[in-house]
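Written below as structure tokens is the structure these notes are about.
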Amino acid sequence: MSSTADHTRTSSASHPPWITEAQETQLLREERTLVVGQTLSLNLGSESLLVVGDLLALGFGDENSSLTCRRFFALSASSGLETKVTHAIALYNILDAQLSADGLTIKFAKHSSSNDISVTSIRYPIHGEEKEIVEAWTKRLLDLAYGDARKHKRLKVLINPFGGKGNAANLYKKHAAPIFAAARCHVDVQHTTHRGHATEIAEQIDINAYDAIVCCSGDGLPYEVFNGLGKRFDAQHALSKIAVAMIPCGSGNAMAWNLSGTGSVSVTALTIVKGIHTPLDLVSITQGNTRTLSFLSQAFGIVAECDLGTEKYRWMGAHRFTFGFLVRLLHKTVWPCDLAVKVEIGSKNAIKHHYAAYTIKDPTRREVPDDEEASGQQSQGLPPLKYGTVKDKLPEDWEIIPSETLGNFYAGNMAIVSKDTNFFPAAVPNDGLIDIVTVDGTIPRTTTLKMMDQISDGGFFGMPDVKVCKASAYRLTPREKEGYISVDGERIPFEPFQVEVHQGLGTVLSKSGYIYEASGPK
Ligand SMILES: Nc1ncnc2c1ncn2[C@@H]1O[C@H](COP(=O)(O)OP(=O)(O)OP(=O)(O)O)[C@@H](O)[C@H]1O
């Protein structure tokens with residue numbers, strides 16, 4: 001076998017976000033073609049691994065797969081090979097490459113149906129004397145395939161046997177476990193046995209033993225995990241060191257939609273394998289004498305009622321929310337409260353500018369601190385509350401928002417609250433701000449219905465009756481005696497509560513490293 005340098009570009013497609021110009025230049029300088037035997041070459045493009053040669057003879061497998069292998073005929077004159085079939089395997093889909101006594105094995109994900117991926121592999125015989133060259137090439141392949149993401153992540157997998165339709169264990173085993181195994185992740189699986197178990201596990205976990213806690217559940221388990229990490233004596237260190245991730249097995253699965261852009265178990269598993277540690281704002285909620293953390297949302301009014309007040313209609317699946325919404329709209333539309341907000345950005349135009357600036361700027365990714373660097377924060381619990389608790393005097397500079405006739409209050413830290421519902425299009429993971437949407441309850445019912453309609457196609461944000469701001473803190477005091485307040489989909493007592501944002505306190509695994517998989521505000 002010989003290896004040849006090929007300095008011509010093989011792909012004109014846009015580069016994956018993690019490839020910098022400097023890396024690209026280096027790529028062009030380095031040898032990137034591995035010729036295997038006389039018949040096949042493996043070529044590192046900027047976006048794909050191009051396999052040129054007689055693939056089917058070498059056991060390439062299914063030639064119809066569309067995600068990873070685009071089949072086309074190519075002339076490979078530059079490498080001196082005859083005209084052969086070329087397959088392009090997206091670097092993003094490459095899970096592992098390893099040299100063993102059997103040869104070089106490359107494992108990658110390919111679509112097995114429109115929503116799912118599965119693992120497939122190719123193997124080439126390699127002669128002993130070629131080992132060094134192949135090893136160097138394999139390392140380059142994996143560095144490009146993983147970019148800023150950690151290889152061989154160490155995952156603590158929590159399975160809620162009762163999440164969603166009660167199918168989490170099977171979903172994990174069938175669709176996620178093979179992808180983690182192919183990527184040589186170190187996996188430790190535990191089933192939750194009772195409510196609050198995930199909090200206990202996170203509170204006790206050895207944070208040096210894992211890169212992420214992966215919840216096979218809905219949004220309830222991640223909520224518990226963040227709160228478990230938040231209870232530790234070293235809360236700040238733990239929350240920054242260990243990422244919280246989700247394999248979507250519940251009914252809402254907002255975390256997966258925001259960070260992986262999918263509700264598919266197998267595709268999410270791939271985005272966890274390739275996920276980049278990303279700081280996430282968390283908020284503290286004080287109520288009575290308690291302090292809890294929230295990563296997703298807080299709701300009061302019609303959304304909270306529909307979310308929590310329709311439990312008995314679970315059999316309707318996702319329709320229970322719409323049903324609950326329509327029933328409430330006919331009977332009650334107003335949930336009065338007192339609302340005070342520390343507004344940071346108050347107009348929709350300014351919010352759009354803020355979003356645009358955030359999404360084009362170079363993401364300042366926070367790497368997980370090494371032990372020495374982190375030693376300063378190792379013994380620190382949660383950050384102190386800048387504005388005190390709900391029991392303290394209201395700060396004077398907070399804006400009082402008239403809410404005697406409030407219909408809906410919804411505050412979001414993530415953009416998508418459930419499939420097709422990008423309720424907070426301007427939300428970003430780590431700007432230190434929470435997005436607040438309020439709607440008056442006395443607007444015509446037809447307008448409310450139109451709003452519902454506009455959520456999925458993005459028109460909701462711009463509607464005049466939809467009030468939006470970005471805030472760093474707020475306090476909400478219900479005026480009635482009974483009702484629902486939802487925090488990350490969980491019910492909390494119907495009592496006053498105060499929220500304060502902590503910029504980048506938590507850590508998640510995201511596809512992009514800095515934004516959600518949602519379209520921005522229109
Ligand atoms: N073994 C268990 N028995 C009972 N409850 C549990 C168990 N394990 C976890 N839970 C609880 O289940 C709740 C729901 O968790 P999960 O995130 O999986 O689903 P969800 O999407 O929020 O719920 P659902 O999909 O059922 O609406 C969590 O609050 C958690 O405390």
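Numbers for residues simply follow the sequence, beginning at 1. Remember, it's 1-based here, ligands and their atoms both numbered in the order they're listed.
Applying the 4.0 Å criterion to heavy atoms of Gly196 picks out, from ligand 1, the atoms 31 (O). For ligand 1 and Thr193, the ligand atoms under 4.0 Å from any heavy atom of the residue are 1 (N), 2 (C). Against a heavy-atom cut-off of under 4.0 Å, Glu490 is close to the following atoms of ligand 1: 29 (O). Residue-ligand proximity, Thr192 to ligand 1, at heavy-atom distances under 4.0 Å covers atoms 1 (N), 7 (C), 8 (N), 9 (C). Within ligand 1, the atoms closer than 4.0 Å to a non-hydrogen atom of Phe162 are 1 (N), 2 (C), 3 (N), 4 (C), numbered from 1 in the order shown.
Taking all heavy atoms of Glu224, His191, His194 into account, the minimum distance to atom 31 (O) of ligand 1 is reached by Glu224. With distances taken over non-hydrogen atoms, the option nearest atom 19 (O) of ligand 1 out of Pro161, Cys215, Gly218 is Gly218. Selection from Ser251, Ala198, Gly489, Gly220 by nearest heavy atom to atom 22 (O) of ligand 1 gives Gly220.
Annotation for Pro429 and Tyr358: closest pair CD-OH, 3.8 Å, computed over non-hydrogen atoms. Of all heavy-atom pairs spanning Ser121 and Lys107, the tightest one is CB-CG, 3.8 Å.
Not one N or O of Gly250 is nearer than 3.5 Å to an N or O of ligand 1, by distance alone.
Salt-bridge annotation for Asp431 and Lys470: present, with a side-chain N of the basic residue lying under 4.0 Å from a carboxylate O of the acidic one.
Side-chain atoms of Asn93 and Lys274 include no donor-acceptor pair closer than 3.5 Å. Side chains of Thr271 and Ser260: a donor on one and an acceptor on the other come within 3.5 Å.
A heavy-atom distance below 4.5 Å is found between the side chains of Asn289 and Lys391.
Under 4.0 Å from ligand 1, the heavy atoms of Asp219 that appear belong solely to its backbone.
Taking the ring centroids of Tyr516 and Phe424, they lie at or beyond the 6.0 Å cut-off.
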